[in-house]
2 protein chains.
Amino acid sequence: MDHLSAPNHLAEDDLTTWAALATVLEWLPPALDAPLVRDFDLTHFEYGILFALAEAPDHALRMSVLASYANSSLSRLSRAISRIEGRGWVQRTRDPLDGRSTLATLTETGLEMLEKATPVQAQTVTELVLEPLTNAQRRQLREISLRIQRAIREQEGWQPPRPLLSDND
Amino acid sequence: MDHLSAPNHLAEDDLTTWAALATVLEWLPPALDAPLVRDFDLTHFEYGILFALAEAPDHALRMSVLASYANSSLSRLSRAISRIEGRGWVQRTRDPLDGRSTLATLTETGLEMLEKATPVQAQTVTELVLEPLTNAQRRQLREISLRIQRAIREQEGWQPPRPLLSDND
DNA sequence: GTAGTTTGCTTGCTCAGTCAAGTAATCTTG
DNA sequence: CAAGATTACTTGACTGAGCAAGCAAACTAC
């Protein structure tokens, strides 16, 4: 299981740790999305957009600010907004204070949708992530996540992952 | 913090835990991919394929078996193999034992590629995941990941994430 | 041994995402 | 106050993934 020179392979223990994490990285996101998609035809990402808008004053945010909150590129957000605008859950308007900016505003229908989706999403997170863990493990998971985040940010050529107040319940 | 019946919102602590994890779920996969893509134009998924083939007898596996190992759908694998076949790193041949099956075989060039990529990938995993954690946290991460995996598998309508021996290096 | 089913993969269609180019509004500078 | 940046998006071209339909090889049953 090893040949040449470098840290060519990970130690046995580390390898199993990594394999366990890798599986979670692969399976957890779709598992978290599934109920939302099934019941509301809404992805986690789109849900996050509605959530952020609902929190905002006047239920409106500039595209660029919303992109920050949603940890998204502007172009990804632009297309996502187009999609949910098509379903009548948000509206775009030109920002009167700066004609370059676009304001995304949550509609009444969008708010209703969000209020139906929220408990479903909370339930999924609880069921898949929180409930299986002990209290100590939840604390550890928080700390572990923060350390990994820090390592990513410190990486060569890393561009700040945005303000993030983002991800939600 | 609750209205109707269900857990409409998460408790404060749980919410920060979840937010921390959600950020990792979003940022870690691309961060893990970056060096491999930059240096070898190889995604983690493609790397996994080469890795699995290298481990296999004769450096060959049936598509369906390889799909299991790579935790992938057959169609995703089929396209991925087409891509890396185009670069000369694998070859497809009809299985002589069963004409329906296709054998994917690692080429000499593919093996060389893998041997260059492996230490890079090991280094990235070490840097981003292992090194930032204490030994206790690594153990905890393993246990936490396994518990979350179990919760996912136990979920309604879950179809077994395949044999998995998969994720690698 | 041939008709019908199943298996193992491939491929067409569609969709979400990225990158880079395009566009309109605003700011800057002489 | 115009010419040239810069900002804030939007959009076109392209890529990778999923789903479902397609296709050929192998089994199964009479």
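Below, each value reflects all heavy atoms present in this structure, side chains not excepted, and no hydrogens, waters or symmetry copies. Just so we're on the same page: letters track the sequence lines, and every chain starts at 1.
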A:R100: what forms a salt bridge (Lys or Arg N to Asp or Glu O under 4.0 Å) with it, not counting sequence neighbours? A:D98
Using whole Å, what does the distance between atom P of nucleotide C:dA16 and atom CD1 of A:I49 come to? 12 Å
A:R150: which residues meet the side chain to side chain donor-acceptor pair (under 3.5 Å) condition with it, sequence neighbours left out? none
Could you pull out all residues at least two apart from A:A56 that satisfy side chain to side chain contact (heavy atoms under 4.5 Å, CB included)? A:L61
Atom-pair distance (CD1 on A:I81; P on C:dA16), nearest Å: 14 Å
Separation of C:dG8 atom P from B:L103 atom CG, nearest Å, is 13 Å
Span of DNA chain D, from the first to the last nucleotide whose atoms fall under 4.0 Å of chain A heavy atoms: D:dT7 to D:dA13
Tell me whether the side-chain N/O atoms of B:T102 come closer than 4.0 Å to OP1 or OP2 in C:dT10. yes
Set of residues satisfying side chain to side chain donor-acceptor pair (under 3.5 Å) with respect to B:D13, sequence neighbours excluded: none
Can you pull out every salt bridge (Lys or Arg N to Asp or Glu O under 4.0 Å) where at least one residue sits in residues 31-50 of chain A? Sequence neighbours excluded, please. A:D41-A:R87, A:E46-A:R83
Can you list everything that forms a side chain to side chain donor-acceptor pair (under 3.5 Å) with B:E143? Sequence neighbours excluded, please. B:R147
Strictly below 4.0 Å, heavy-atom distances to any atom of DNA chain C: list the hits from residues 89-101 of chain B, or just say none. B:R92, B:R100, B:S101
If you restrict it to nitrogen or oxygen atoms, what contacts under 3.5 Å exist between nucleotides 17-23 of chain C and the protein, and what is each distance?
unit_1: C:dG17; atom_1: OP1; unit_2: A:R76; atom_2: NE; d: 3.0
unit_1: C:dG17; atom_1: OP1; unit_2: A:R76; atom_2: NH2; d: 2.8
unit_1: C:dG17; atom_1: OP2; unit_2: A:R83; atom_2: NH2; d: 3.1
unit_1: C:dT18; atom_1: OP2; unit_2: A:S73; atom_2: OG; d: 3.2
unit_1: C:dT18; atom_1: O4; unit_2: A:R79; atom_2: NE; d: 3.3
unit_1: C:dT18; atom_1: O4; unit_2: A:R79; atom_2: NH2; d: 3.1

Tell me every residue that passes side chain to side chain donor-acceptor pair (under 3.5 Å) with A:D95, counting only those two or more places apart in sequence or in another chain. A:R62
Taking salt bridge (Lys or Arg N to Asp or Glu O under 4.0 Å) as the test, write out the residues that go with B:D14, two or more places apart. A:R138
Do side-chain atoms of B:T102 reach the backbone of B:M63 as a donor and acceptor pair under 3.5 angstrom? no
Partner residues of A:S82 under the side chain to side chain contact (heavy atoms under 4.5 Å, CB included) criterion, sequence neighbours left out: A:R92
